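Since this is a predicted model, take the numbers as computed values, not measurements. Only heavy atoms go into these numbers, but all of them, side chains included; no hydrogens, no water, no symmetry mates. Every chain is numbered from 1, with letters handed out A, B, ... down the list of sequences.
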Protein chains: 2
Amino acid sequence: MSDAYYLQLTEHLRELIRDPERLTDGRLPPERLLAERFRTTRMTLRQALAQLEGEGRIHRSNRRGWFVSPERLLYDPTRDAGFNDYVRAQERVPRTEVLAVETRPHPPAAQALGLPASHAFYHIRRRRFVDDRAVLAESLWVVPERAPGLLEHRFDHSLWGLLRKHWQIELAHRSIRMMSEALSRQDAKDLGVTPGTAGLGINRAIFDGERRPVEYDEEHWLHDAICVTVDI
Amino acid sequence: MSDAYYLQLTEHLRELIRDPERLTDGRLPPERLLAERFRTTRMTLRQALAQLEGEGRIHRSNRRGWFVSPERLLYDPTRDAGFNDYVRAQERVPRTEVLAVETRPHPPAAQALGLPASHAFYHIRRRRFVDDRAVLAESLWVVPERAPGLLEHRFDHSLWGLLRKHWQIELAHRSIRMMSEALSRQDAKDLGVTPGTAGLGINRAIFDGERRPVEYDEEHWLHDAICVTVDI
DNA sequence: CTGGCAATCTGGTCTATACCAAGGATGGTT
DNA sequence: AACCATCCTTGGTATAGACCAGATTGCCAG
């Protein structure tokens, strides 16, 4: 069934990837070298690489090179387990960087929570790592009335843990949406990947036991970094 | 901020797309024509198209052309509403084609349901349309002991409806997984798209009230066709 | 009127090459 | 030891052109 050459290339590359000994730090050889080795042009080779990227087998770090993608992290967005906890539970190493903390309106959050568009929120933006790979850019918008003084705290741990502990907030109702996307300029930059890289967007609107709005958040994951799970 | 040219192209194309009057049947002009119009090469133009494809704004039907993508269908995989019902509830037109019905073992289903790998299942494969666009290729594997004689029925309506009605099966526990993927050769062919097109895979293992395995299924959606929702 | 073949349209694949721009390493300076 | 300018490596973008292969259309023959 004489295939397109780039599809044959993916097979060769798959072999290369399977064999951790043939790679250093899970890093693939440079495109030019691979193209030469397989007697083709960089363009054709890149088509093969793009295919494997779509399958989630390899990924690239902007202008640094191609790397073998690790196992996907299992992630259940319906639970309120903290990032650090569920990453560690899977024997991976979590890390969080807080990129910004501010107070300002955010119409999309307001709309999702049923508040007027001009309503101000505590906004926290973070970048999260698994085994030192930046895989998630997230923004949270918390309704200030629910957690006055929130911004005095540190945000490198679970925000929901904070809300529960200091303000006794019970996260009752959640409305979750997930869809494939192309990472925005900003998210791509924060994650160190090419703009337009495939991603998975997850956003949640969260209400307390009395149906009062508590928080809205948006997560932008590298598409190959997670496998979403839900158990009911 | 002088951008890459293909990114400027995406802006022009976005304009083109916004304006339904400039397109016939939501169909974009041929690549060669667009390339000429924007004074660039087909390769560069295709990069812009690929970007918009990743954003879910346009899609292509294998060797037929590029089309503007419709609104995403909202889909809650935790509910057992039938496809026809929730599609119609969103004022869209559903259609289902049964591609295959057979009895045979399927190790992945067996594993997900905790059965021996050699266990035989009723296997049903369908293709589902929204507004005449094939958006979903799905396979279901039903445990025969739960629904003897199932294959005598028709499968263009809700399978879960059938199970409830004829065998009084209550779908109690579900284990759901979702991840981005590249569509397989077979799925791509069934959906009339290029192999390797970005997709969203959803699979479920379902048990009855007594924790007995009932069914395992795999759904392969075009990535731009749905927005997954979950409310808790 | 209908079935089938052929031309044509459209995207799909591939070659060969050039230059750009960000990341990282190097080595010298302070 | 910290810092910074520079160079090199690597992917990112772009051109120009050629041929392949499935989908569609339309014509022609039966």
Whole angstrom value for the distance that separates P of D:dA16 from CZ of B:R32: 16 Å
Those residues that, when tested against A:S175, pass side-chain hydrogen bond (donor to acceptor under 3.5 Å, both in side chains) (two or more places apart): B:D231
Distance, rounded to the nearest Å, where B:Y6 contributes OH and D:dG11 contributes P: 16 Å
D:dT13 OP1/OP2 closer than 4.0 Å to side-chain N/O of B:Y5: no
Partners meeting side-chain hydrogen bond (donor to acceptor under 3.5 Å, both in side chains) with A:D131 (sequence neighbours left out): A:R92
ring-ring contact (aromatic ring centres under 6.0 Å, His included) pairs, two or more places apart, involving residues 86-107 of chain A: A:Y75-A:Y86, A:F83-A:Y86, A:H106-A:W141
Length of the CD-P vector between B:Q8 and D:dG12, whole Å: 19 Å
Note: A:R79-A:D85 ion pair, threshold 4.0 Å (strictly below): no
Between P of C:dG11 and NE2 of B:H59, the distance in whole Å: 13 Å
Touch class at under 4.0 angstrom, heavy-atom based, for A:R60 against every strand present: sugar-phosphate
Sugar-phosphate only, base, or nothing, as touched by B:R42 at under 4.0 Å among non-hydrogen atoms: base
Non-neighbouring partners of B:E219 that pass salt bridge (charged side-chain N to carboxylate O under 4.0 Å, His left out), sequence neighbours left out: B:R204
DNA chain D-proximal residues of residues 34-41 of chain A, any heavy atom under 4.0 Å: none
Check nucleotides 22-26 of chain D for protein N or O atoms closer than 3.5 Å to its own N or O atoms and list the pairs.
unit_1 : atom_1 : unit_2 : atom_2 : d
D:dG22 : O4'    : B:R63  : NE     : 3.3
D:dT24 : OP1    : B:R64  : NE     : 3.3
D:dT24 : OP1    : B:R64  : NH1    : 3.3

Nearest-Å distance for atom pair CZ/P, residues A:R46 and D:dT10: 14 Å
Nearest-angstrom distance from the residue atom CG of A:D3 to C1' of D:dC20: 14 Å
By salt bridge (charged side-chain N to carboxylate O under 4.0 Å, His left out) - contacts of A:E53 (at least two apart): A:R60
Inter-axis angle, terminal five-pair segments of the helix from C:dC1-D:dG30 to C:dT30-D:dA1 [nearest 10°]: 20°
Partners passing side-chain hydrogen bond (donor to acceptor under 3.5 Å, both in side chains) against B:R127 (at least two apart in sequence or in another chain): B:E97
Length of the CG-P vector between A:L49 and D:dT10, whole Å: 14 Å
Of all pairs that satisfy salt bridge (charged side-chain N to carboxylate O under 4.0 Å, His left out), the ones with a partner from residues 62-74 of chain B, not counting sequence neighbours: none
Phosphate-side-chain proximity, B:T44 and D:dT13, N/O vs OP1/OP2 below 4.0 Å: no
Residues that B:T197 engages under side-chain hydrogen bond (donor to acceptor under 3.5 Å, both in side chains), provided they are two or more places apart: none
Rounded distance in Å - CG (B:L7) to C1' (C:dC20): 14 Å
Minimum-distance nucleotide to B:M43 side chain [options: D:dG12, D:dT13, D:dG17]: D:dG17
Carboxylate-amine/guanidinium contact A:E11 A:R14, below 4.0 Å: yes
Under 3.5 Å, which donor-acceptor pairs do the side chains of residues 41-48 of chain B form with other protein atoms, sequence neighbours left out?
unit_1 : atom_1 : unit_2 : atom_2 : d
B:T41  : OG1    : B:T44  : OG1    : 3.3
B:R42  : NE     : B:E31  : OE1    : 3.0
B:R42  : NH2    : B:E31  : OE1    : 3.1
B:R46  : NH1    : B:E31  : OE1    : 3.3
B:R46  : NH1    : B:E31  : OE2    : 2.8

